[in-house]
Amino acid sequence: MNNLYKDIENQIVNIPDKIESIGIITGAGISQESGIPTFRGKDGLWKNYKPEELATPYAFEKNPKLVWEWYEMRRQIIKKAEPNPAHYTLVKMEEFFENFLLVTQNVDGLHEKAGSKNIIELHGNIWRARCILCNYKEFLETPLPEIPPHCPKCNSLMRPDVLWFGETYDTNLLNIVQDFFQKIGLLFVIGSSGQVSVPVYLAKEAHLNGAIVIEINPDFSMYSHFADIILRYKAAEALPILWQFLKEKWQN
Ligand code: OAD
Ligand code: ZN
């Protein structure tokens, strides 16, 4: 623990005494301590399928039941999960800053559950389903009464309203993030491997525009290549302490 305090104290000396706006990118690692397995690594496997084999339009076309079963398994885990101190620290940060944007790759809804407001869910939300034909959307509880679920409007198949491999991002959302990230002084990247390239690109662009990038992740990631400050700790452990230091620095 002492090391963690010292490490943070040493690393934040170069952060300016005044920061006007702040951006956050989170990935599956921030929810790991809430009991939600990350995608990559041994925990990411389900019945010997890799996420890359299930989270695709092709997999859904071939076997919608299998894909929905995987999402149901995840929805059941997520339903029981509570936000952890890292999620709650981001709520406090948002209260402190007038200009704050939280961009999450997570579909678990835990940031909203914790109380964060200005959130962009870049990869969608696991609680929402969308009709593949008429685009009707609705929030569906778990357990689902039927798998796969059908649209109440047109009776076509419903799919999880999340972004799958091979699908394109919502350009409106990307534009909002890019505009905001152009003017931030600081960017936190928390718990993401960077194996999905668009969020890495957004972070890199912010960095090129002058943002100081702070990574919190126990392991190396694609963000580590350009992060200015790297904290190799778990998010729920490091973020509350980092925030204590920064708040003190900025309140004076
Ligand atoms: P990954 O599962 O690829 O990476 C999780 C990262 O979290 C790894 O770098 C871990 O080292 C780190 N990690 C693990 N425990 C942690 C902890 N307690 N605190 C901090 N970090 C920790 O997850 P993402 O990068 O979010 O896409 O994956 C990106 C996207 O790939 C996901 O949004 C999902 C997936 O396919 C879609 O659903 C479209
Ligand atoms: Zn429909």
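Just so you know, residue 1 is the first one in the sequence shown, and it goes up from there. First listed ligand is number 1; within each ligand, the first listed atom is number 1.
Contact between N217 and ligand 1 is present, with at least one heavy atom of the residue lying under 4.0 Å from the ligand. V107 does not count as a contact of ligand 1, since none of its heavy atoms falls under 4.0 Å from the ligand. Within the 4.0 Å heavy-atom shell around ligand 1 one does not find F220. Ligand 1 lies nowhere less than 4.0 angstrom from a heavy atom belonging to S221. Using a 4.0 Å cutoff on heavy atoms, Q195 does not count as a contact of ligand 1.
The closest heavy-atom contact to atom 25 (O) of ligand 1, among the options G29, S192, A55, comes from S192. The closest heavy-atom contact to atom 21 (N) of ligand 1, among the options P218, G124, A235, comes from P218. Closest to atom 7 (O) of ligand 1 by heavy atom, among G191, P199, S224, is G191.
Within ligand 1, the atoms closer than 4.0 Å to a non-hydrogen atom of A28 are 23 (O), 24 (P), 26 (O), numbered from 1 in the order shown. Distances below 4.0 Å separate heavy atoms of G27 from the following atoms of ligand 1: 26 (O). Heavy-atom proximity to E33, at under 4.0 Å, picks out these atoms of ligand 1: 17 (C), 18 (N), 19 (N). Atoms of ligand 1 lying under 4.0 Å from any heavy atom of V196, numbered from 1 in the order shown and given with element: 29 (C), 30 (C), 31 (O).
Between the SG atom of C154 and the SG atom of C131, the angle taken at the Zn ion (ligand 2) works out to 100° after rounding to 10°. Note: angle at the Zn ion (ligand 2), from SG of C151 to SG of C134, is 110° (rounded to 10 degrees).
Looking at F165 against ligand 1, only its side chain comes within 4.0 Å, counting heavy atoms. Of all the heavy atoms of R40, the ones lying under 4.0 Å from any atom of ligand 1 are found in both the backbone and the side chain.
Checked by atom type and distance alone, the side chain of H123 pairs as donor or acceptor with a backbone atom of Q105 at under 3.5 Å. Judged by distance alone, the side chain of T56 and the main-chain N or O of A59 form a donor-acceptor pair under 3.5 Å. Checked by atom type and distance alone, the side chain of R75 never pairs as donor or acceptor with a backbone atom of L144 at under 3.5 Å. When atom types are taken as modelled, the side chain of Q76 and the backbone of T142 share no donor-acceptor pair closer than 3.5 angstrom. Of the possible polar contacts, none joining the S224 side chain to the I230 backbone as a donor-acceptor pair under 3.5 Å is found.
Of the protein's heavy atoms, Q105 OE1, 3.2 Å lies nearest to atom 29 (C) of ligand 1. Looking from atom 38 (O) of ligand 1 to the surrounding protein, the closest heavy atom is L163 O, 4.0 Å. For atom 33 (O) of ligand 1, the closest non-hydrogen atom on the protein side is H123 ND1, 2.8 Å. The nearest protein atom to atom 32 (C) of ligand 1, hydrogens excluded, is given as F39 CE1, 3.5 Å; this is a heavy-atom distance.
Counting non-hydrogen atoms of neighbouring residues, nucleotides and ligands closer than 6.0 angstrom, the CD atom of E52 exceeds 12 such neighbours. Y201 OH: 12 or fewer foreign heavy atoms inside a 6.0 Å radius.
Between H87 and H111, the ring-plane angle classifies as perpendicular under the 30° and 60° cut-offs. Taking the six-membered ring where tryptophan is involved, the planes of W250 and F97 are perpendicular, since the angle between them exceeds 60° and thus also 30°.
In this structure, D7 and R232 have side chains that are not in contact, with every pair of non-hydrogen atoms separated by 4.5 Å or more.
Not a single N or O atom of N106, backbone or side chain, sits closer than 3.5 Å to an N or O atom of ligand 1.
Of the listed residues (N106, L122, I119, V189), just one forms a side-chain contact (heavy atoms from CB on, under 4.5 Å) with T26, and that residue is N106.
No side-chain donor-acceptor contact under 3.5 Å links N217 and Y223.
Ion pairing of E167 with R159 is present here, as a side-chain N (NZ or NE/NH1/NH2) and a carboxylate O approach within less than 4.0 Å.
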